[in-house]
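Presented below is the structure to which this report refers.
All figures in this text were calculated on a predicted structure; none of them were measured in a lab.
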Amino acid sequence: MTCLLKQYKFECRVSSVLNKNNRSYGKNYMFDNCPETCWNSDAGTFQWIIIEFEQEYEISSFEIEFQGGFVGKNCHLEVGNKETKFHESFYPEDKNTIQIFSLTNPIKAKTFKFVFNESTDFFGRIIIYKLSLHS
């Protein structure tokens, strides 16, 4: 299992950052391998993360470490470029540990969009300490 985000150049966009405070809660903290830092979305639903590579790569699974109480609900992964080629739901548990989600079938694309339609947080915030994609 190879982590693509450690090997290949990618861009990341997120739906929001808590109080627009990128210095403390920015998207880059999902990828720094530091257990003390995280991406924290602002309030409201729905929230999303887009990972875009320069070329197509195949993924077979992904890992997410949420903060318990701020976990995505009614989630799905959209995979594709200009039009969605693939859509698969996933169901995180409301806990603080790394959760691994295996895809039904490996999928190859440049763009991977994680959509969190709801949150376990009353205000709709999502907190993620780690996100990784695996081939």
Side-chain angles (χ1 to χ4, degrees):
M1 188 163 69
T2 303
C3 179
L4 297 176
L5 301 177
K6 290 181 181 177
Q7 286 191 318
Y8 303 107
K9 186 175 178 180
F10 67 95
E11 288 188 26
C12 178
R13 295 189 314 257
V14 294
S15 51
S16 64
V17 175
L18 184 64
N19 299 324
K20 298 183 180 178
N21 185 348
N22 286 301
R23 179 172 282 176
S24 297
Y25 305 113
K27 61 191 176 192
N28 54 307
Y29 293 121
M30 289 185 283
F31 315 109
D32 68 354
N33 291 316
C34 177
E36 305 295 319
T37 60
C38 61
W39 167 63
N40 192 335
S41 78
D42 221 333
T45 55
F46 69 98
Q47 301 293 333
W48 49 262
I49 301 166
I50 297 175
I51 304 290
E52 190 159 9
F53 292 100
E54 293 178 336
Q55 65 184 54
E56 288 189 340
Y57 293 104
E58 184 176 270
I59 70 161
S60 58
S61 65
F62 58 92
E63 294 179 350
I64 302 180
E65 182 179 2
F66 291 97
Q67 170 68 49
F70 298 88
V71 175
K73 291 176 21 181
N74 188 14
C75 308
H76 66 271
L77 172 63
E78 297 175 6
V79 180
N81 299 323
K82 294 188 192 266
E83 61 185 60
T84 301
K85 298 179 187 174
F86 173 82
H87 180 274
E88 185 164 324
S89 296
F90 62 98
Y91 305 95
E93 295 181 47
D94 190 2
K95 59 184 186 177
N96 293 35
T97 59
I98 293 174
Q99 300 180 57
I100 301 171
F101 302 95
S102 295
L103 301 179
T104 306
N105 294 302
I107 187 77
K108 190 173 188 177
K110 288 173 62 172
T111 305
F112 300 87
K113 182 177 183 180
F114 297 85
V115 179
F116 311 102
N117 289 304
E118 300 175 63
S119 173
T120 57
D121 173 54
F122 179 76
F123 297 103
R125 295 169 295 188
I126 302 287
I127 298 177
I128 296 179
Y129 287 88
K130 179 181 180 180
L131 173 64
S132 59
L133 282 65
H134 301 279
S135 59

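- Ring pair F112/F62: centre-to-centre distance not below 6.0 Å.
- Residue I107 is grouped with residue F53 when hydrophobic side chains (ILVMFWY) are merged at heavy-atom distances under 4.5 angstrom, including chains of intermediate members.
- Once rounded to the nearest 0.5 Å, the distance linking CD1 of I127 with CG of N40 reads 4.0 Å.
- Counting heavy atoms from C-beta on, the side chains of N117 and H76 come closer than 4.5 Å.
- E88 places a side-chain N or O within 3.5 Å of a backbone atom of T104 that can act as its donor or acceptor partner.
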Step by step, work out the side-chain contact (heavy atoms from CB on, under 4.5 Å) result for Q99 and I64. CA-CA 5 Å; Q99 300 180 57; I64 302 180; 5.6 Å; no

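- At least one side-chain heavy atom of K73 sits under 4.5 Å from a side-chain heavy atom of T120.
- With D42 as reference, L18 is the one residue of L18, I126, N21 to meet the side-chain contact (heavy atoms from CB on, under 4.5 Å) rule.
- Under the 3.5 Å distance criterion, with hydrogens and angles disregarded, no donor-acceptor pair is assigned to the side chains of Y8 and E54.
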Step by step, would you call F116 with I49 a side-chain contact (heavy atoms from CB on, under 4.5 Å)? CA-CA 9 Å; F116 311 102; I49 301 166; 3.8 Å; yes

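- In terms of heavy atoms, Y29 sits closest to N22 at CE1-O, 3.8 Å.
- Side-chain atoms of N74 do not come within 3.5 Å of backbone N or O of E118 as any donor-acceptor pair.
- Rounding to the nearest 0.5 Å places OG of S24 at 9.5 Å from CG of N19.
- How far CG of L133 is from CD of Q7: 12.0 Å, rounded to the nearest 0.5 Å.
- In this structure, the separation between OG on S16 and CD on Q47 is 3.5 Å, given to the nearest 0.5 Å.
- Of all heavy-atom pairs spanning H87 and E78, the tightest one is CD2-CG, 4.0 Å.
- In terms of modelled atom types and a separation under 3.5 Å, the side chain of Y129 and the main chain of C34 share no donor-acceptor contact.
- V14 and F66 fall within a single hydrophobic cluster, where Ile, Leu, Val, Met, Phe, Trp and Tyr are joined by side-chain heavy atoms under 4.5 Å apart, directly or via other members.
- By the 6.0 Å contact criterion, CD on E11 is open, its count of non-hydrogen atoms from other residues, nucleotides or ligands being 12 or less.
- Nearest heavy-atom pair across G80 and A109 is N-CB, 4.0 Å.
- Under the 4.5 Å side-chain heavy-atom criterion for grouping Ile, Leu, Val, Met, Phe, Trp and Tyr, F101 is connected to M30 within one hydrophobic cluster.
- Between atom CG of residue L77 and atom CD1 of residue I59 there is a gap of 5.5 Å, rounded to the nearest 0.5 Å.
- The backbone N or O of R125 lies less than 3.5 Å from no partner atom in the side chain of S41, so there is not a single donor-acceptor pair.
- Neither V17 nor V115 shares a network with the other; the hydrophobic side chains, linked directly or stepwise wherever heavy atoms of I, L, V, M, F, W or Y lie under 4.5 Å apart, form separate groups for each.
- Distance check: C38 SG to K130 NZ gives 15.0 Å after rounding to the nearest 0.5 Å.
- Linking Ile, Leu, Val, Met, Phe, Trp and Tyr whenever their side-chain heavy atoms come within less than 4.5 Å leaves F46 and V79 in two separate clusters.
- S61 and S102 make their closest contact through CB-CA, 3.9 Å (heavy atoms, listed as atom of the first residue, atom of the second, distance).
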Evaluate the side-chain contact (heavy atoms from CB on, under 4.5 Å) criterion for residues I51 and F31: first the C-alpha distance (whole Å), next the side-chain angles of each, then the deciding distance (0.1 Å), finally the verdict. CA-CA 11 Å; I51 304 290; F31 315 109; 3.7 Å; yes

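- Residues F90 and P92 approach most closely at O-CD, 3.5 Å, considering heavy atoms.
- Residues N96 and Q67 approach most closely at ND2-NE2, 3.2 Å, considering heavy atoms.
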